[in-house]
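First the structure, in the form of structure tokens, and then the observations on it.
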There are 2 protein chains.
Amino acid sequence: MISSLSELGMALRSRELSPTEHVTDVLHRLAADTHNAVITLDAERALEQAAVLDAELARGEWRGPLHGVAVGVKDLFDVAGLPTRAGSDVLADAPPATADGPVVARLREAGAVVVAKLHTHEFAYGPTGDVAATGPALNPHDPTRITGGSSSGSAAAVAAGHLPLALGTDTGASVRTPAALCGVVGLKPTFGRLSTDRVFPLSESLDHVGLLTADVHSASVAWDVLSRPDGTGGGIQLPGVKGVRVGVLVDDYWRAADPVIDAGVGAAVARLRDQGASVVEVRTPMIDGLADVYGTIVGAEAFATHADWITTRPQDYQPATRERITPNAGMAARTYVDALRTRRRLVAELRAAADVDVLVLGTTRLRATPIGADTVEVDGKEVPVRASLLALTLPFNLTGWPAVSVPGAVSDGGLPVGVQVVGVGMEERGVLRVAGALTRS
Amino acid sequence: MISSLSELGMALRSRELSPTEHVTDVLHRLAADTHNAVITLDAERALEQAAVLDAELARGEWRGPLHGVAVGVKDLFDVAGLPTRAGSDVLADAPPATADGPVVARLREAGAVVVAKLHTHEFAYGPTGDVAATGPALNPHDPTRITGGSSSGSAAAVAAGHLPLALGTDTGASVRTPAALCGVVGLKPTFGRLSTDRVFPLSESLDHVGLLTADVHSASVAWDVLSRPDGTGGGIQLPGVKGVRVGVLVDDYWRAADPVIDAGVGAAVARLRDQGASVVEVRTPMIDGLADVYGTIVGAEAFATHADWITTRPQDYQPATRERITPNAGMAARTYVDALRTRRRLVAELRAAADVDVLVLGTTRLRATPIGADTVEVDGKEVPVRASLLALTLPFNLTGWPAVSVPGAVSDGGLPVGVQVVGVGMEERGVLRVAGALTRS
């Protein structure tokens, strides 16, 4: 399988490889997947669509860089004709969706072939990927460990080389954390840039649609297609980072529990400095206060969505999900309003503190942990898994800034680490340019 | 006093009238006001500023159409050096504001002279203007009747001819309803177009800054200054309404209790049709559901603001305000989240139902009612005052669309009626153009 979208796109455009051959290959790989990444294959329709795209190419018609490219979609997105089950038995009997959501529709229009719905942490309400009606997703780097979540199947399928592109969602971590733990690239664009219509909501104030690919250039190609109304554009150029102002977060909050992650961040920052970026320290005295409101906002919004089901069908939830939703039943409106106000105030403070183009930091505080573990021991200290997989990513759901996780240098030769590039004074293309400078060899 | 901003602006620019003469005249009028419209005069600073503007004109420097124009500001806006008391004894000892809010600052920069803080319904939480620490505002057309609110002093001072321009705020009615009841023009722009920074909040999801003037052309002049970053622009032209698609709301919800108001709306629509507008009926089956969420949203947000004071200093609130705030103490977060979701869904339905450039409807269901009356009798039926002064305006705080209230034809020769022009497919300038076509003689 060719995992780079630009190589794959060239092979398809030149008819070296046909959409049908590529889609058939991907369907075989997904059918043989051993990471519990796949919920449903849409094989028949995928092959029909591939044949149409074959014929178009034979006539000299080319829809752009995704023409004939197989994509997978987290099972939180509506895909016409398939149920959206969101990883939950609550939706075991969901009827087929009546229409594609806008992002799925945009991919199809651009020539992508939707081949599968992929594993998600139940209702996207967790960063681990091991809580779902169909059991845990397994990390391709070590199947005893989590993929991270909630876009667990998207990360696993890309990491396993099954798919060149997958859609995910990210409310606090859910594209970037599984990308980090599985060693792939995960892009969470600016809040609102990609429509969340017909995507099962977790928290409408924080939900972002994002994408996962094997490398930064592929993410750029896909982002170009999704963000440009005319669908043209063959990926951004990567002209270097000279003069880019890079902020490094120096407060304890941002420190990883696993020192290999911070070593990866250090190597990334050094690399950017070597390429001409200017590096400044950024202090964030408001970060604990800002991070504190995350659970309130998600809790209030998730509870409003689940209030009826959690009362009438509690047994259909996984216990961990039920335990996360239920305590929000008694939340007062004032608590939620105050959280939204604190968010606005502290985001403004963070913006003022971070007078840079991008921030470079870790994606998570831990690498992939054993499936089912709530805590792990690091240097003799118990470290909570969930918080460690959310803390470094959720601030940028609260700010809404674009952020990408890319594989960083792994100083012990072990599991992958994620390095995050977050746009403050830069939009997605700038963020991807900096991320590209980190990963180009 | 010249009440038209374009006439006044010309007289000032030509030095027929000096800023000092004009400001002195306004200060005298406000000092002698009998409508309880004024909270504080800022006489000394106003005269100092007028002298500066005199000198600029003498040197041939002209800041634009508000150069030397006296303006009043609802006592909800921060004006540097003056306390913001929001009509409440809760803020009786408020310290002087340390800075102007952005809209006040923009007016000063454009050459306007802030002469006074004006009466507001307590904390802007009511559409009547008769609940405030300083007593009720009195309608210039009949001092036994309310001005409407909450921008009570702004409407009364413009209606009395004291001021050519006043700032107000509008969360559900508060610029348009007092404009209607006092027979002046009130513009609520699109949500977010004018900053609410340093304006005491009622409900951040619904608060709009707006303005009141004696006529539509003056509103256009002021809007041009406030909405254009360079401050140039001498008011829009009014080229007619040929081809404009006007929607008329035919469901019972939109019917006034006072038939003179609906007669005014009918006359306005006929006038637009005569001038070449096309008139279509618009049905709004979602309107009751949409209007229902208003109280929940305002209640939740207002309670969060007042929660501490209402507990520790309940006696400092007017009883009517306390009774409005207190019941929201027990509101669940879910209720508020659901209200926000219903709002989004039904606003989309209303937008789809109203495929027009503007809607033309009444501003209120009643004309100015006796001070202190909770209900009035119309044709033998008890009609609630508060709901009647909110129902026709609050939908457009929920949608965020621009809306202006202009004086309509009064078929019985009595108190003024307000006709509302609401932009659906048009922005503020289009709305003002249509409003101008209604009122030009």
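Residue numbering restarts at 1 for every chain, and letters A, B, ... go by the order of the sequence lines.
Side-chain atoms of A:Glu204 and B:Leu340, non-hydrogen and from C-beta on, never get closer than 4.5 Å to each other. The shortest distance between side-chain heavy atoms of B:Glu301 and A:Arg341 falls below 4.5 Å.
When all heavy atoms of B:Ala304 and A:Val337 are compared, the closest pair comes out as CB-CG1, 3.5 Å.
Across A:Asp338, A:Thr305, A:Asn328, the residue that shares the most heavy-atom pairs under 4.5 angstrom with chain B is A:Thr305.
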